[in-house]
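As the structure lists them, so they are numbered: ligands from 1, and atoms in each ligand from 1. Just so it is clear, the values below take in all heavy atoms, side chains as well, and ignore hydrogens, waters and symmetry mates.
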Amino acid sequence: MHSAVEERIIRPARNILGSLRLPGDKSISHRYGMLAAFAEGTSRFTNFSTGEDCASTLACMEALGAKVNRLGGGAIEVTGVAGDVTPSSDPLDCGNSGSTMRMISGLLAPQEGTFTLIGDASLSRRPMERIRKPLAEMGAKLTLTEGHAPLTIEGAALKAIDYTTPVPSAQVKSSILLAGLQTTGTTTVREAIRTRDHSELALRAFGAEVKRSADWVSITGAQKLHAIEGAVPGDISSAAFFLCAAALFPGSSLVLESLGLNPTRATLLDVLTALGAHIAVLNLEEKNAELVGTVQVTAPPDGLRSTTISGGLAAQLIDELPVLAAIAPYTSGGIRIRDAKELRVKESDRIALVARNLRAMGAEVEEFEDGLDVPGGQTLHGATIDSGGDHRIAMAFSVAALRAEGQTLIQGAESAAVSFPEFFDLLDLVAER
Ligand code: S3P
C-alpha cells in the first residue's frame, strides 16, 4: 500500500501548545463512504478521512459501481448504486484495512455475483473466521484462505439470525448488520461489551430502522438507504496521540475542535482524567446523531499518576492502548493493561511491538498474553523504533519520543498515512522545541 519506506526523526519537545482541527474519523468515514455508495442518490460529506484505509473503502465501492467525486480538502460526493452492486471482475483491494474487508463482506454476501477480496501482507494475516462464521449461519457462501484473505464471496439470498459475538468487535457487528439490512426477517447481534456504534447511527442517518438496547442491536430487512449530507467529526483515535502528548508536559495547553465524542469512543478522556490531566469539553452538538465537541487538555503540574485498564475498558480503548502504553513510563505509578488480547491481531501484534520498542528506548516493561505492565517513573532515551508498518505504533512512539533524552528514529513512518497522513506536520506545529 505504501509507496516508500520512510524514516522520521523525532526530537524531544519542551511543551505542547496550540489548537488543531483534525481530519474526519476513520470509522465514521468508512461507514459513510460504504453506505453512501450503497444508497440511492448523491451524498455529500466534508472532512472525510484523509487516510489510506478510507480511500480503500471508496475504491472498492467505485469498483462495485458507485461514483465518487473527490472535491479536495476532505470534501467528497458519492453517488450510490441504490442497493444493487455491479460485481467486479478484478479482486477488491482492501489494502491495510480490516474495517473495509470485514464490513464489505457483509454488504456483499446477499448481493448477486462473485466477489474476491484481497489485502496487503498485514491484512492477509488477520483473522477472518470471525465474519465467515456468522455470515455462513445466515447462508452466505464465503471461502477463506486458511482463515484469512484472500476471501471469495458467492452472493446468495440470506436468512436472518440472532448472533452473539464471541469477541467484542464493531467490525463483525457491522458486517452482520449490513447483511441483515438486505435480508428478510430480523437479524440481531448481541455483544457482552458495547463496541463503537457508528454503524447503528449511520444506518439510521441513511434512513434505516435499527432497534437496540444496552447489549443488542437488530435490523429488519430488506430496507433501502437514502443519500445524506454531513460533516465527519474529527478522529478521536488520531486525537489520542496529541491528547497524550499534551498530558505529558506541565504547562501544556491543546485545543482540538470539532472532535468526535461518541461515548463508545471517548473513554480516553476518562483515562486521561484518571491519570490527573485536566480535560474540558465545550460546544457539544450532534451531527447525524454523532456527538461532536471541542476538547481542551492541560497536563497536571506534578505529572501523570497511574491507572489500570482491563475488562470492557480495554475493548473500548483498543485503538488508544498503544499510545497509552508508550507514555506509561512517564507516569508516576505506571499503567497496567489486561484483557486486551485483541491487540495481538491488529495491523501488527501490538503487544509485542509496544514491548519491544519500549525496551529499545530503555524502558522496563512486562509482557502478558493479554496486556502489558509498564512501570512509571522511568527515563527513556531516543532509539530506533520499528513500527512494523503499523500506523498506530509509528505514531505512539513519536509521542514517547517527545519526552525521551536524545532523538528517536521512527522506521516505517509512512504507515501513519493509513489513518492520519497529516500526523507529523501537525506534531511539528504544536510541539515546542
Ligand atoms: C473499528 C473497530 C475496531 C478498531 C478498528 C476500527 C471499526 O476493530 O480496532 O480500528 O471501525 O469498526 P474491531 O471491530 O476488530 O475490534
ask   = Near S99, which atoms of ligand 1 are under 4.0 Å from a heavy atom of that residue?
value = 1 (C), 6 (C), 7 (C), 11 (O)
ask   = Within a reach of under 6.0 Å around CD of E129, are more than 12 heavy atoms found that belong to other residues, nucleotides or ligands?
value = yes
Nearest heavy atoms of G180 and I219, plus distance in Å = C-CG2, 3.8 Å
query = Should you measure from each heavy atom of S169, which atoms of ligand 1 turn up under 4.0 Å away?
reply = 13 (P), 14 (O), 15 (O), 16 (O)
ask   = Among protein heavy atoms, which lies nearest atom 10 (O) of ligand 1, and at what distance?
value = D319 OD2, 2.9 Å
key: Polar atom proximity, E342 to ligand 1 (N or O, under 3.5 Å)   = no
inquiry  = Check contact between K346 and ligand 1, using heavy atoms of the residue and a distance below 4.0 angstrom.
reply    = yes
request  = Go through ligand 1 atom by atom and flag the ones less than 4.0 Å from a non-hydrogen atom of I318.
outcome  = 9 (O)
task = Taking all non-hydrogen atoms of both residues into account, name the closest pair between R344 and A352 and its distance.
result = NH1-N, 4.0 Å
query = What heavy-atom pair brings T184 and A160 nearest, and what distance separates the two atoms?
reply = O-CB, 3.7 Å
query = For the residue pair F397 and F241, is the inter-centroid distance of their aromatic rings smaller than 6.0 Å?
reply = no
request  = Measure the CD1-CD1 distance between I236 and I28 for me, rounded to the nearest 0.5 Å.
outcome  = 10.0 Å
task = Provide the closest heavy-atom pair for G119 versus S124 in the form atom of the first, atom of the second, distance.
result = O-OG, 3.2 Å
inquiry  = What protein heavy atom lies closest to atom 1 (C) of ligand 1? Include the residue and the distance to one decimal.
reply    = Q171 NE2, 3.5 Å
task = Decide whether an N or O pair under 3.5 Å exists between R392 and ligand 1.
result = no
key: Nearest neighbour of atom 7 (C) of ligand 1 from the list H30, R31, K26, on a heavy-atom basis   = R31
request  = Using a strict cut-off of 4.0 Å, indicate which atoms of ligand 1 neighbour a heavy atom of R102.
outcome  = 15 (O)
